[in-house]
Amino acid sequence: MFSLPPLGKALAIYGPVLLIAYAAGAIRVVAHRADLPDRRRRTLQATWVALLLVGVPLWLVLAAVLRIG
């Protein structure tokens, strides 16, 4: 098995976490638009929170199972 340098290990583990956080932030920005119906706004607000609360731990468990880093 090949070994990544320290920066490569960090990027392999935390790069996807940053992408998840970026996507959640983009959804949060859209959720705060005033022209959206209330139901759509609440759905988007729940989506960005769920993305962070589920997506990040899921990725970290997957990275551990796959022995990334």
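Remember, predicted model here, so these are calculated numbers, not experimental data.
Under the 4.5 Å side-chain heavy-atom criterion for ILVMFWY residues, no single connected hydrophobic cluster contains both I20 and V54. The hydrophobic cluster containing V61 does not contain V56, counting ILVMFWY residues as joined when their side-chain heavy atoms lie under 4.5 angstrom apart, directly or transitively.
Annotation: side chain to side chain contact (heavy atoms under 4.5 Å, CB included) contacts of L19 (sequence neighbours excluded): none. The side chain to side chain contact (heavy atoms under 4.5 Å, CB included) search around L11 returns L7, not counting sequence neighbours.
Residue pairs meeting the side-chain hydrogen bond (donor to acceptor under 3.5 Å, both in side chains) criterion with at least one member in residues 10-35, sequence neighbours excluded: R33-D35. Each salt bridge (charged side-chain N to carboxylate O under 4.0 Å, His left out) pair with one or both residues in residues 43-57, not counting sequence neighbours, would appear here, but there are none. A side-chain hydrogen bond (donor to acceptor under 3.5 Å, both in side chains) check over residues 39-65, counting only residues at least two apart or in different chains, returns the pairs D38-R41.
L52 approaches A21 most closely through the heavy-atom pair CD2-CA, 4.0 Å. When all heavy atoms of L36 and V30 are compared, the closest pair comes out as CD1-O, 3.1 Å.
L51 CG to L58 CG: the interatomic distance, rounded to the nearest 0.5 Å, is 10.5 Å. Note: L62 CG to I68 CD1 = 6.0 Å, rounded to the nearest 0.5 Å.
Contact of the L60 side chain with the V17 side chain is registered, since non-hydrogen atoms from C-beta on lie closer than 4.5 Å.
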